[in-house]
J.: 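Below is the structure I would like to discuss, written out as structure tokens.
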Number of protein chains: 2
Amino acid sequence: MKHLPHKTIERLSQYRRALLICLEKGQTHIYSHEIATIQHITAVQVRRDLMLIGYTGTLRKGYNVKELIELIGEIIDSSEGINVAIIGMGNLGRALINYFTGKRSHLKIVASFDINPDKIGNTMSGVPCFGTDEMSKVIAEKDIKVGIMTVPAEFASQTTDLLVKAGIRGILNYTPKPVNVPKNVYLEEYDMITSLEKVAFYVKLQEME
Amino acid sequence: MKHLPHKTIERLSQYRRALLICLEKGQTHIYSHEIATIQHITAVQVRRDLMLIGYTGTLRKGYNVKELIELIGEIIDSSEGINVAIIGMGNLGRALINYFTGKRSHLKIVASFDINPDKIGNTMSGVPCFGTDEMSKVIAEKDIKVGIMTVPAEFASQTTDLLVKAGIRGILNYTPKPVNVPKNVYLEEYDMITSLEKVAFYVKLQEME
DNA sequence: TTCACAATGTGAAATTAATAACAAAAAAGC
DNA sequence: GCTTTTTTGTTATTAATTTCACATTGTGAA
Ligand SMILES: NC(=O)c1ccc[n+]([C@@H]2O[C@H](COP(=O)([O-])OP(=O)(O)OC[C@H]3O[C@@H](n4cnc5c(N)ncnc54)[C@H](O)[C@@H]3O)[C@@H](O)[C@H]2O)c1
Ligand SMILES: NC(=O)c1ccc[n+]([C@@H]2O[C@H](COP(=O)([O-])OP(=O)(O)OC[C@H]3O[C@@H](n4cnc5c(N)ncnc54)[C@H](O)[C@@H]3O)[C@@H](O)[C@H]2O)c1
């Protein structure tokens, strides 16, 4: 297994989530077409992804749910787990903290940062909030690798620079402002307005037909 | 102009956002490579996208910011604007309402829905909250075309069915549960855990090198 | 046992997306 | 006025991703 396509990585994460639900229900095996139906994709696509990670199912029985979950874990999780911080404890930051905390064992939110003195020093869902001036120190001490950025858009660039200087390795940018990082830092940007506008576009398109 | 690639649609939305900022600053023209730098893509990509929508710039002066904003609007917005509802006024729903309200004129959040009696009847950033039993009525009356789904994952499917029955035309699903819609409804799903796991994966990959 | 079926696994083809290459032309410099 | 530079617009090429087509094979039924 050499280079997994970006899209495959995303789907593996999704397969795992679906598989975990199956496991909870007590399901031991699953067919490619069952996974496909859940994810709105084709069975071939599922089989190809699994082929790429070198997993082989049982003919006529499908894939072993537990084994597959473990294999996906070996591939996409890092063995020691990864510590994550949220920068900007506003509406979105709080929503994210509530959501993530206590869910995934491999990705752990261990700190948050803000500039508002009312927030600094508090904890939220057990996650302590620090001032941005402490960023370098806290990121080093707590071995934080990934930052989720939810500061106001106008602070996106400077916050990115701070994070990079503090030695962050990956940034998930939820502000609508695209930011620049050196190429040793992995950047993923997501913009809710784009998604909403895309939905609106295709709705319009359908109505015109 | 016939079929615009999905990716082009997404980028057009992003170009427009960047262009609006330029317009505010008083910038009248912009080069393809400037847009490209903002969006971390290549200038060729930008020019190709603009070619696809049939916009042509001025040689050596670049593109007219205002014109381009208007053209993108003609393509991705629908002329009368589109009304949007949020379903599930929890942490994420509230964050989204705060964020969207008053931003885009073409996409307007005009209602929210919940099952919690404490929330029903209130307004939040000027958006009224209704019970889910009123969904069909409100969606019809207010001509709501798109729903943003932020209910707990276990209610995702049933909420989708309600929305579809109420005549919604597009759904943006922020729950981690994939849902099914008839093919006359456009569905976009986004899952923050997938994004975060993807970042974590590439961080791990980089560390191994 | 044999047959038909229902699944996997995968090379090849098709589709979609991104990049390269370059002609054309306006502006600037000389 | 001529040359160089810079930028657009577009065709050709390459790369990435998905789908097709089908060989393979374990399983259950006849
Ligand atoms: N709310 C949403 O649903 C939503 C959706 C999409 C994108 N976004 C984007 O996410 C970001 C946050 O949105 P929000 O609604 O949570 O905003 P918010 O105003 O509620 O929160 C921003 C937080 O960041 C803090 N902050 C400000 N400057 C900072 C700095 N320099 N360093 C650290 N912290 C700082 C503020 O004190 C505040 O707590 C914005 O960029 C917004 O565009 C929000
Ligand atoms: N919070 C996040 O940052 C985040 C991030 C990604 C995804 N999500 C997903 O978004 C969804 C909402 O997350 P949240 O943190 O806002 O949860 P939440 O529990 O804070 O909010 C859920 C809201 O939905 C309402 N609700 C429950 N059942 C309903 C129903 N049948 N119809 C209408 N409303 C109903 C609840 O009353 C509540 O107000 C979840 O599926 C979650 O997995 C959340």
Side-chain angles (χ1 to χ4, degrees), chain A residues 1-15 19 22 27-65 67-68 71-72 178 183 187-189 194 198 201-202 205, chain B residues 1-15 19 22 27-68 71-72 75 183 188-189 194 198 201-202 205:
Chain A
M1 181 190 58
K2 28 177 204 179
H3 273 325
L4 294 173
H6 273 53
K7 292 289 182 70
T8 296
I9 298 297
E10 291 177 11
R11 284 190 297 262
L12 287 175
S13 160
Q14 284 158 6
Y15 297 163
L19 290 167
C22 296
Q27 192 177 349
T28 62
H29 287 78
I30 192 166
Y31 298 127
S32 59
H33 67 256
E34 292 178 297
I35 301 180
T37 304
I38 297 172
Q39 305 292 337
H40 318 305
I41 54 176
T42 65
V44 191
Q45 178 96 82
V46 174
R47 293 206 297 276
R48 174 153 308 262
D49 285 335
L50 300 189
M51 186 188 96
L52 290 175
I53 63 170
Y55 185 65
T56 125
T58 316
L59 202 47
R60 276 194 81 112
K61 286 184 78 180
Y63 303 94
N64 181 301
V65 174
E67 272 176 29
L68 188 46
L71 178 59
I72 293 177
K183 61 179 167 326
L187 174 68
E188 176 94 13
E189 307 199 306
T194 298
K198 192 177 169 194
F201 172 79
Y202 284 106
L205 204 65
Chain B
M1 182 190 57
K2 29 178 204 179
H3 272 324
L4 294 173
H6 272 54
K7 289 291 180 72
T8 295
I9 298 297
E10 290 177 12
R11 284 191 297 261
L12 287 174
S13 161
Q14 285 158 6
Y15 297 162
L19 290 167
C22 296
Q27 192 177 349
T28 62
H29 286 78
I30 192 166
Y31 298 128
S32 59
H33 67 257
E34 292 177 297
I35 301 180
T37 304
I38 298 172
Q39 305 292 338
H40 317 305
I41 55 176
T42 65
V44 190
Q45 178 96 81
V46 174
R47 293 206 297 275
R48 169 160 294 272
D49 286 334
L50 299 189
M51 186 188 95
L52 291 175
I53 64 171
Y55 185 66
T56 125
T58 315
L59 201 47
R60 276 196 80 115
K61 287 185 76 180
Y63 303 94
N64 182 301
V65 174
K66 206 158 158 225
E67 272 176 30
L68 188 46
L71 179 60
I72 293 178
I75 288 159
K183 61 178 166 326
E188 175 93 12
E189 308 199 306
T194 297
K198 191 177 169 195
F201 172 80
Y202 284 106
L205 204 64

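The figures that follow rest on heavy atoms only: side chains count, while hydrogens, waters and symmetry mates do not. Throughout, protein chains are lettered first and strands after them, A, B, ... in sequence-line order, and every chain is numbered starting at 1.
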J.: Take the protein atom OH of B/Y55 and the nucleotide atom C1' of D/dG9, then report the distance between them rounded to whole Å.
T.: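 So the two atoms are 14 Å apart, to the nearest Å.
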
J.: Calculate the interatomic distance between B/I53 atom CD1 and D/dT10 atom P; express it in whole Å.
T.: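 The distance from CD1 of B/I53 to P of D/dT10 comes to 13 Å, rounded to the nearest Å.
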
J.: Report the distance from atom CG of A/L52 to atom C1' of C/dG11, rounded to the nearest whole Å.
T.: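 One finds 13 Å between C1' of C/dG11 and CG of A/L52, rounded.
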
J.: Atom CZ of B/R11 to atom P of C/dT16: distance rounded to whole Å?
T.: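 Rounding to the nearest Å, CZ of B/R11 and P of C/dT16 are 15 Å apart.
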
J.: Of the nucleotides D/dT10, C/dA17, C/dT10, which has the atom closest to the B/P5 side chain?
T.: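 When the side chain of B/P5 is considered, C/dA17 is the closest of D/dT10, C/dA17, C/dT10.
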
J.: Starting from C1' on D/dT8, measure out to CZ on B/R48 and report it in whole angstrom.
T.: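 Computing the B/R48:CZ to D/dT8:C1' distance gives 13 Å.
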
J.: Without decimals, in angstroms, what is the distance between B/E34 CD and D/dT6 P?
T.: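 In whole Å, D/dT6 P lies 14 Å from B/E34 CD.
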
J.: Is any side-chain nitrogen or oxygen of A/Q45 closer than 4.0 Å to OP1 or OP2 of D/dT19?
T.: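 Yes, such a contact exists.
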
J.: A/T56 side chain: which of C/dG9, C/dA20, C/dA17 is closest?
T.: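 Nearest to the side chain of A/T56 among the choices is C/dG9.
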
J.: What is the distance, to the nearest angstrom, from the NE2 atom on B/H6 to the P atom on C/dA17?
T.: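 Result: 8 Å.
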
J.: Between protein and nucleotides 23-30 of chain D, map the contacts as a letter string: B base, S sugar-phosphate only, - none, heavy atoms under 4.0 Å, written 5' to 3'.
T.: --BBB---

J.: Hey, what do you get for CZ (A/R11) to CD (A/Q14), rounding to the nearest 0.5 Å?
T.: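 A/R11 atom CZ to A/Q14 atom CD measures 8.5 Å (nearest 0.5 Å).
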
J.: Considering all heavy atoms of both residues, which atom of A/I72 and which atom of A/L19 are nearest to each other, and what is their separation?
T.: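 Heavy atoms of A/I72 and A/L19 come nearest at CD1-CD1, 4.1 Å.
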
J.: Identify which nucleotide among C/dT10, D/dG9, D/dA12 has an atom closest to any side-chain atom of B/Y63, counting heavy atoms from C-beta outward.
T.: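 That would be D/dG9.
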
J.: For C/dT8, does either OP1 or OP2 sit under 4.0 Å from a side-chain N or O belonging to A/R47?
T.: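 Affirmative; the distance criterion is met.
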
J.: Looking at every non-hydrogen atom in both residues, tell me the closest pair between A/Y15 and A/V46 and how far apart they are.
T.: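 Minimum heavy-atom separation between A/Y15 and A/V46: OH-CA, 3.6 Å.
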
J.: Without decimals, in angstroms, what is the distance between B/I30 CD1 and D/dT8 P?
T.: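 The distance from CD1 of B/I30 to P of D/dT8 comes to 10 Å, rounded to the nearest Å.
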
J.: If every non-hydrogen atom of B/A36 is compared with every non-hydrogen atom of B/A43, which pair is closest and at what distance?
T.: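 Taking every non-hydrogen atom into account, CB-N, 3.5 Å.
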
J.: Look at A/Y31 and C/dG9 and indicate whether a side-chain polar atom (N or O) is within less than 4.0 Å of OP1 or OP2.
T.: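 So the side chain of A/Y31 is outside the cut-off, no N or O lying under 4.0 Å from OP1 or OP2 of C/dG9.
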
J.: Kindly say whether A/Y31 contributes a backbone atom to a donor-acceptor pair with the side chain of A/E34 at under 3.5 angstrom?
T.: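 Yes; judged by distance alone, with no hydrogens or angles, the pair exists.
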
J.: Mind checking whether B/Y202 and A/I9 have side chains closer than 4.5 Å, heavy atoms only?
T.: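 B/Y202 vs A/I9: side chains touch.
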
J.: If you look at every strand shown and take non-hydrogen atoms under 4.0 Å, does A/T8 touch a base, only sugar-phosphate, or nothing?
T.: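 Since no nucleic acid heavy atom lies under 4.0 Å of A/T8, the category is nothing.
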
J.: Do B/R47 and B/L50 come close enough that some side-chain heavy atom pair is under 4.5 Å?
T.: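 Not touching, per the 4.5 Å side-chain cut-off.
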
